[in-house]
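Chain letters run A, B, ... following the sequence lines, proteins first and then strands; every chain starts at 1.
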There are 2 protein chains.
Amino acid sequence: MDGMRDIVAKNLRRLRHEKGWSQEELSFRAKVDRSYISQLETSAYSASVTMLGKLARALGVDAGDLLKR
Amino acid sequence: MDGMRDIVAKNLRRLRHEKGWSQEELSFRAKVDRSYISQLETSAYSASVTMLGKLARALGVDAGDLLKR
DNA sequence: TTGTGACTTGCAGTCCGTT
DNA sequence: GAACGGACTGCAAGTCACA
């Protein structure tokens, strides 16, 4: 029902795996809690654009890349 | 401090003006509160990606376009 | 290493009206 | 038409223990 949530979840996990990072590694770099990253990757929440910006910067991509289908 | 918020604010206002729509018109089409659109355009809040999706769809653009610098 | 349930806090988001 | 106000509800934000 909430497509955007799932798109972010998939892109987040895909980009993180491409880096070969664990959730722990990303949580450290982005300065957000590891379990919260897990919750985003399982579509539990609809992240804010501020959170999107933090994660994108840690991953070295544009925030918009996290929204691409 | 929160750059993403400002980027969304500017893109939202720019795209809305390109359509020649008032905040009222956009709020009706996107089914979100008019005063909230005002608050987003003045960088008062950091919208969720779900909200971003609703606004992008109403404006006929990709959600990522609202995050472009 | 990751997912989940539980919990608290703060802000997103709505609804009213006024400037 | 747009900004701004208070008051309210619900969910994102943030953290923890445990499976």
Engineer: Measure the distance from CZ on A/Arg5 to C1' on D/dA12 and round it to the nearest whole Å.
Structural biologist: 9 Å

Engineer: Can you tell whether the side chains of A/Glu41 and A/Arg16 come within less than 4.0 Å, N to carboxylate O?
Structural biologist: yes

Engineer: Which whole-number value in Å describes the distance from A/Glu41 CD to C/dT2 C1'?
Structural biologist: 9 Å

Engineer: Take atom CG of A/Leu52 and atom C1' of D/dA13, then tell me their distance rounded to the nearest Å.
Structural biologist: 14 Å

Engineer: Which part of the nucleic acid, if any, lies within reach of B/Ser38 when heavy atoms closer than 4.0 Å are counted: base, sugar-phosphate only, or nothing?
Structural biologist: base

Engineer: As an exercise, state the distance from CG of B/Leu55 to CG of B/Asp65, rounded to the nearest 0.5 Å.
Structural biologist: 13.0 Å

Engineer: Return the CG to NZ distance between B/Asp62 and A/Lys68, rounded to the nearest 0.5 Å.
Structural biologist: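 One finds 9.0 Å between CG of B/Asp62 and NZ of A/Lys68.
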
Engineer: How close do B/Leu66 and B/Asn11 get, counting heavy atoms only, and between which atoms?
Structural biologist: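 Distance-wise, the nearest heavy atoms are O-ND2, 2.9 Å.
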
Engineer: What distance separates A/Arg5 CZ from A/Thr42 OG1, expressed to the nearest 0.5 Å?
Structural biologist: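 If I round to the nearest 0.5 Å, the distance is 10.5 Å.
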
Engineer: Nearest heavy-atom pair of B/Ser38 and B/Gln23: which atoms, and what distance?
Structural biologist: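 Reported closest heavy-atom pair: CB-OE1, 3.5 Å.
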
Engineer: Expressed as a whole number of angstroms, how long is the span from A/Ile37:CD1 to C/dT4:C1'?
Structural biologist: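 The distance from CD1 of A/Ile37 to C1' of C/dT4 comes to 16 Å, rounded to the nearest Å.
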
Engineer: Search all heavy atoms of A/Met51 against all heavy atoms of A/Val32 and return the closest pair with its distance.
Structural biologist: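 Heavy atoms of A/Met51 and A/Val32 come nearest at SD-CG1, 3.7 Å.
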
Engineer: Could you give the distance from CH2 (B/Trp21) to CD1 (B/Ile37), rounded to the nearest 0.5 Å?
Structural biologist: 10.0 Å

Engineer: Among residues 14-36 of chain A, which contact DNA chain D at a heavy-atom distance under 4.0 Å?
Structural biologist: A/Asp33, A/Ser35, A/Tyr36

Engineer: To the nearest Å, how far apart are A/Tyr45 OH and C/dT8 C1'?
Structural biologist: 11 Å

Engineer: In what stems does DNA chain D take part, counting only runs of at least 3 consecutive Watson-Crick or G-U pairs whose two distances fall under 3.5 Å?
Structural biologist: C:2-15 with D:6-19, C:17-19 with D:2-4

Engineer: Whole angstrom is fine here: how far is it from CE in A/Met51 over to C1' in C/dG10?
Structural biologist: 13 Å

Engineer: As a test of reading the structure: which of D/dA12, C/dG5, D/dA2 is closest to the side chain of B/Arg13, going by heavy atoms?
Structural biologist: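 The nucleotide sitting nearest to the side chain is D/dA2.
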
Engineer: Keeping the roles fixed (side chain from A/Ser46, backbone from B/Thr50), state whether a donor-acceptor pair exists under 3.5 Å.
Structural biologist: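 Yes.
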
Engineer: Nearest-Å distance, CD (A/Gln39) to C1' (D/dA12)?
Structural biologist: 10 Å

Engineer: What is the distance, to the nearest angstrom, from the CG atom on B/Leu40 to the P atom on D/dA2?
Structural biologist: 14 Å

